[in-house]
Amino acid sequence: MKFPLLKGIYLLMFLSVFLGCDSEDEDREPQLPEVVTVSDESEAVITYTSVQISGTVMETDSEIQSYGVVWGPNPNPTLEDNVALPEGQSATTSISKSTQKQSESSFVVKIEGLVPGNSYYFRIFATNEAGTAYGEELSIETKGLEGSKWGITYHHDEDTSWIGHAVFHEDGTAFYSEPTDPDGMFDLWGEWSMEGNVLTYDMIPDDEGESYILTGELHENEMSGTYTFLTSDGITHRPWTATLIE
């Protein structure tokens with residue numbers, strides 16, 4: 001007759017321990033997520049107008065509400081500055097507790113539309129119910145046009161195009177040549193400037209009667225725009241494209 005009583009006591013003890021553990025879990029304060037910046041300044045993928053950074057969100061006891069990169073022109077960027085999310089993530093994307101328990105979540109964020117030759121600051125972030133955690137700060141400068149060499153293709157009309165090379169120097173000058181021209185008739189010193197991502201390149205700045213000006217937008221490692229020149233019929237506009245050589 002004692003056995004049923006013992007079973008009841010054991011059952012009560014088990015329920016007490018089980019419910020107590022559950023209560024402890026409920027009373028536990030949520031912890032900030034742990035984030036790791038995988039890329040450093042030397043490993044980040046940097047172009048003239050973009051930076052690509054890798055990060056990892058570590059295991060957490062709370063659902064991750066959002067994660068990605070915060071960035072700006074000043075140190076210690078936060079969510080109050082610019083926010084870039086991984087591809088495919090919306091503002092409501094989250095990492096559930098059960099999924100996060102199984103493995104870390106690694107991601108890549110690409111920040112575009114930056115100004116060539118400018119310095120920016122980046123931090124990985126992740127947000128859960130405890131708040132937002134930030135990773136190590138990266139200070140990265142986008143590539144500048146100075147010292148670069150480009151292959152320019154002129155699209156004059158449907159049947160006519162040609163290629164030239166331009167080297168942009170730090171003092172605002174640029175040297176242009178057409179390597180296929182055996183006489184070197186088009187070896188020219190010009191002047192260039194940039195406003196944001198937009199290039200203005202005056203190939204013959206000292207000759208008002210033979211104006212030849214390229215304007216175009218720089219994106220990643222490519223440029224495209226319109227070249228303007230004078231003919232007997234007046235000012236003419238044609239498209240051009242360029243790719244980075246070195």
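For clarity, every value in this text was computed on a predicted model and none was experimentally measured. Residue numbers start at 1 and run along the sequence shown.
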- Message: Tell me the closest heavy-atom pair linking Ser54 and Ile124, and the distance in Å.
- Response: O-CD1, 4.1 Å
- Query: Atom OG of Ser66 and atom CG of Leu79: how far apart are they, to the nearest 0.5 Å?
  - Reply: 6.5 Å
- Note on the structure: Nearest heavy-atom approach of Ile64 to Pro33 is CD1-CB, 3.5 Å
- Counting N and O atoms only, with roles assigned by atom type, does the side chain of Asn128 sit under 3.5 Å from a partner on the main chain of Gln31, one being a donor and the other an acceptor? yes
- Item | Residues that, via side-chain heavy atoms closer than 4.5 angstrom, fall in one hydrophobic cluster with Ile163 | none
- With hydrophobic residues grouped by side-chain heavy-atom distances under 4.5 Å, do Val69 and Ile46 end up in a single group? yes
- For Gly72 and Asn82, which heavy atoms make the closest approach, and how far apart are they? CA-ND2, 3.9 Å
- Note on the structure: Separation between CD (Glu217) and OG (Ser224), nearest 0.5 Å, reads 7.0 Å
- Kindly work out whether a path of hydrophobic side-chain contacts (I/L/V/M/F/W/Y, heavy atoms less than 4.5 Å apart) joins Leu85 to Val70. yes
- Query: Between Met223 and Leu218, what is the shortest heavy-atom contact and its length?
  - Reply: CG-CD1, 3.3 Å
- Item | Residue pair Tyr134 / Thr78, side-chain heavy-atom distance below 4.5 Å | yes
- Query: Which residues satisfy the ring-ring contact (aromatic ring centres under 6.0 Å, His included) test with His155, sequence neighbours excluded?
  - Reply: none
- Residues in ring-ring contact (aromatic ring centres under 6.0 Å, His included) with Tyr154, at least two apart? Trp162, Tyr227
- Listed once per pair and sorted, the salt bridge (Lys or Arg N to Asp or Glu O under 4.0 Å) pairs that draw on residues 110-129, sequence neighbours left out: Lys110-Glu220
- Query: Which distance, rounded to the nearest 0.5 Å, do you find between the CZ of Phe229 and the CZ of Arg238?
  - Reply: 5.0 Å
- Message: Between Pro86 and Tyr67, is there a side-chain heavy-atom distance shorter than 4.5 Å?
- Response: yes
Can I get a per-line list of side-chain donor-acceptor pairs under 3.5 Å for residues 191-204, giving both atom names and the distance, sequence neighbours left out?
from: Trp192; atom 1: NE1; to: His169; atom 2: O; distance (Å): 3.0
from: Trp192; atom 1: NE1; to: Thr173; atom 2: O; distance (Å): 3.1
from: Asn197; atom 1: ND2; to: Leu114; atom 2: O; distance (Å): 3.4
from: Asp202; atom 1: OD1; to: Ile204; atom 2: N; distance (Å): 3.2

- What one should report as the nearest heavy-atom pair of Ala126 and Val57 is CB-CG2, 4.2 Å
- Query: Counting distance only, does the side-chain N/O of Trp240 pair as donor-acceptor with the main-chain N or O of Thr215 below 3.5 Å?
  - Reply: yes
- Donor + acceptor pair across side chains of Thr228, His237 (<3.5 Å): yes
- Linking Ile, Leu, Val, Met, Phe, Trp and Tyr by side-chain heavy atoms under 4.5 Å, what else ends up with Val108? none
- Message: Assigning hydrophobic clusters by single linkage (Ile, Leu, Val, Met, Phe, Trp, Tyr; side-chain heavy-atom cutoff under 4.5 Å), is Tyr121 placed with Ile53?
- Response: no
- Closest non-hydrogen atom pair, Ala84 against Ile111: CB-CG1, 3.8 Å
- Counterpart residues, side chain to side chain donor-acceptor pair (under 3.5 Å), relative to Thr243 (two or more places apart): none
- Applying salt bridge (Lys or Arg N to Asp or Glu O under 4.0 Å), which residue pairs with at least one partner in residues 153-168 are found, sequence neighbours left out? none
- Query: Can you name the residues that form a side chain to side chain donor-acceptor pair (under 3.5 Å) with Asn74, not counting sequence neighbours?
  - Reply: none
- Residues forming a side chain to side chain donor-acceptor pair (under 3.5 Å) with Thr127, sequence neighbours excluded: Thr132
- Decide yes or no on side-chain contact (heavy atoms from CB on, under 4.5 Å) for His165 and Glu178, but give the supporting numbers first. CA-CA 6 Å; His165 291 172; Glu178 291 183 6; over 6 Å; no
- Close side-chain approach of Thr49 and Pro116, heavy atoms under 4.5 Å: yes
- Query: For Tyr120, what residues pass the ring-ring contact (aromatic ring centres under 6.0 Å, His included) criterion, not counting sequence neighbours?
  - Reply: Trp71
- Query: Can Tyr212 be reached from Ile152 by stepping across I, L, V, M, F, W or Y side chains whose heavy atoms are under 4.5 Å apart?
  - Reply: yes
- Message: Within the 4.5 Å heavy-atom criterion, are Tyr48 and Ser148 side-chain neighbours or not?
- Response: yes
Solution key, residues 135-146 side-chain donor-acceptor pairs under 3.5 Å, sequence neighbours excluded:
from: Glu137; atom 1: OE2; to: Asn76; atom 2: N; distance (Å): 2.4
from: Thr142; atom 1: OG1; to: Val115; atom 2: O; distance (Å): 2.6
from: Thr142; atom 1: OG1; to: Gly117; atom 2: N; distance (Å): 3.0
from: Thr142; atom 1: OG1; to: Asn118; atom 2: N; distance (Å): 3.1
from: Thr142; atom 1: OG1; to: Asn118; atom 2: O; distance (Å): 3.3

- Query: When hydrophobic residues are tied together by side-chain contacts of less than 4.5 Å, even through go-betweens, does Leu244 share a cluster with Phe168?
  - Reply: yes
